[in-house]
Protein chains: 2
Amino acid sequence: MEPLPPLFRRIADELRAKIRSGELAPNAQLPTQAELMRQYDVSDGVIKAVMRTLASEGLIQARRGAGTFVKARPTRQRLPRSWWRPARGGSPFLQDMAAHGMHGSWAFDSETVQASPEIRDRLGLDEPDSELPDVMRTAYTFMADDEPVQLATSYEPWALTKGEPIAYPEAGPHAGQGVVERMAVIGITVTHWSEVVSARPASTVEAQALKIGAGALVLTIERTYFAETRPVETADIAIPVDRYEIVYGAPVREASGE
Amino acid sequence: MEPLPPLFRRIADELRAKIRSGELAPNAQLPTQAELMRQYDVSDGVIKAVMRTLASEGLIQARRGAGTFVKARPTRQRLPRSWWRPARGGSPFLQDMAAHGMHGSWAFDSETVQASPEIRDRLGLDEPDSELPDVMRTAYTFMADDEPVQLATSYEPWALTKGEPIAYPEAGPHAGQGVVERMAVIGITVTHWSEVVSARPASTVEAQALKIGAGALVLTIERTYFAETRPVETADIAIPVDRYEIVYGAPVREASGE
DNA sequence: TCGAATTTGTGCGTATGTATC
DNA sequence: GGATACATACGCACAAATTCG
């Protein structure tokens, strides 16, 4: 015998169905919680649990004092992540934005630090033998039409770039260019990239920086550029999932070169 | 004046810090809710809200009757999604699993249905002029070592495959092969693929099928195979985010064709 | 095997704060 | 200011799963 799902879940299922079917249109106001308590003849705790559930699914949004509303699905922008990358010269990000008729910009902050064990692992660095910094860390906030769309923290081995004109990613003659172009300047040929994609709730600082609600979902990408087998840059990227989705694509090749 | 954050949030922040710092080690049991109520001198509702918050962040997991535990970060399996694909012959999924030393298997269920507007859009189908089915829908559950790892629902235009030996993806001489191989049988050359990646909480049925908690996060992929500009297959894929992460990669090419 | 104790999950009712209209 | 509506918090009862003697 299947036991019935709990009350709040059954009510959430009903409301979810009404939203998906369009009976509750985008931006429409839901019945007030007091009203729902009467309709379903349950206590306020149950209705609040329902609201939490649907809110965590991104279906509704409550505004204190005003009411609860069906969230309009802003047709999510797509951020292409392969295929076009990297075209020659200039920032890959700007190119993506231009291709979508948007205006891109970014802010950043660079400094040399000692890498965390995880970053050390991703860059293939040995254990540090001193307190000296061993990576250049650059934190980016990318904006599309003045709306923050993506956070990124990039790490480059200091041993590679120290003293070079590209040591600071966003300063000097090669500022704002992609990793591939900048590495080429110091004779390193980037041969391939890899991106590990996952998702999680945003941290407090991320939520603030991206102007999304606390705990809203972000897609996370660990991107690493390689020169043959050697990692030359790695980055942690966070993208709010309610406004953007990411697209990968490639040609189908006969058999695989491994 | 900054108003203080609500009680449950401040307590959640404290516990989160203890988990991140390692003071509460992975797999360690948290104090019981009753104990926490005493420690912080708050009501049970507050503690329950704290638990909900941390659980939704994937930091803890409660087991009814047993207690609440710090979730161990299970080094997540990586599902590679390009690079190797498609190698020749056989199921791409099985190849991925074999490459990781795991045993893959799957269950499926095929039937012809009328496509939803969204699927119609993705496959470039015209408005239906009757009630007749126009796509072959196949629902898959993929298992790795007998643990469900991925749900997929695949759609192929019925106009393409009707009457062909590959009409049923999992029946006939070409059962279990990839889309690329099967399409080749009827003279269609798949030239490229595209995957739109996003994330959301699992639906009730998905959670059940994947054996994850209700509302746990899944990565979603809308995959489409193209023969030149024509879509020949599209699929909705769901992968539980706490056990698996996905990896894309490609060689860096000089300039881009496009 | 069974039952008692423990622990989390669900649900009820109430009170108060705070933002919006 | 007053009414409305959601957010937070207190406290209680019972259900369901687990643990352990």
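As the structure is a prediction and not an experimental result, all values here were calculated from the model. By convention in this document, chain letters (A, B, ...) are assigned in the order of the sequence lines, proteins followed by strands, and residues within each chain are numbered from 1.
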Are A/Lys71 and A/Glu57 ion-paired here, with the side-chain N under 4.0 Å from a carboxylate O?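 Looking at A/Glu57 together with A/Lys71, the answer is no, because their closest N to O distance does not fall below 4.0 Å.
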Decide, yes or no, whether a salt bridge links A/Arg10 with A/Glu14 under the criterion of side-chain N to carboxylate O below 4.0 Å.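 Here A/Arg10 does not pair with A/Glu14 in a salt bridge, since their nearest N and O are not under 4.0 Å apart.
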So, A/Thr224 versus A/Arg122: side-chain donor-acceptor pair below 3.5 Å or not? no
Check whether the side chains of A/Tyr140 and A/Gln150 place a donor and an acceptor atom closer than 3.5 Å, and report yes or no.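 Checked: A/Tyr140/A/Gln150 side chains show no N/O donor-acceptor pair below 3.5 Å.
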Which nucleotide, C/dG11, D/dC6, D/dT8, lies nearest any side-chain atom of B/Pro6? D/dT8
Side chain of B/Leu7 only, please: which of C/dG11, D/dT18, D/dA9 is the nearest?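 The closest nucleotide is D/dA9.
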Rounded to the Å, how far apart are [X] [atom1] and [N] [atom2]?
X: A/Gln29; N: C/dT20; atom1: CD; atom2: P; value: 14 Å
X: A/Arg52; N: D/dA7; atom1: CZ; atom2: C1'; value: 11 Å
X: A/Ile47; N: D/dT8; atom1: CD1; atom2: C1'; value: 17 Å
X: A/Glu35; N: D/dA3; atom1: CD; atom2: P; value: 20 Å
X: B/Arg38; N: C/dT6; atom1: CZ; atom2: C1'; value: 12 Å
X: A/Met51; N: D/dA7; atom1: CE; atom2: P; value: 9 Å
X: A/Leu36; N: D/dA5; atom1: CG; atom2: C1'; value: 12 Å
X: B/Tyr40; N: D/dA9; atom1: OH; atom2: P; value: 14 Å

Using a 4.0 Å heavy-atom cut-off, write out nucleotides 11-16 of chain D from 5' to 3' as B (base contacted by protein), S (sugar-phosphate only) or - (no contact). BB---B
Are A/Thr68 and D/dC6 close enough that a side-chain N or O sits under 4.0 Å from OP1 or OP2? yes
Does B/Gln33 make a side-chain N or O approach to OP1 or OP2 of C/dG9 shorter than 4.0 Å? yes
Keeping A/Arg120 on the side-chain end and A/Ala115 on the backbone end, is there a donor-acceptor pair under 3.5 Å?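 Side chain of A/Arg120 to backbone of A/Ala115, a donor-acceptor pair under 3.5 Å: yes, one is there.
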Only one of B/Glu111, B/Glu233, B/Glu156 clears salt bridge (Lys or Arg N to Asp or Glu O under 4.0 Å) with B/Arg137; which? B/Glu111
Minimum-distance pair of heavy atoms, taken over all atoms of A/Leu15 and A/Tyr40: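 Here A/Leu15 and A/Tyr40 meet closest at CD2-OH, 4.1 Å.
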Would you mind telling me which residue lines up with the more 5' stretch of DNA chain C, A/Val46 or A/Arg63, judged by nearest nucleotide?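 Result: A/Val46.
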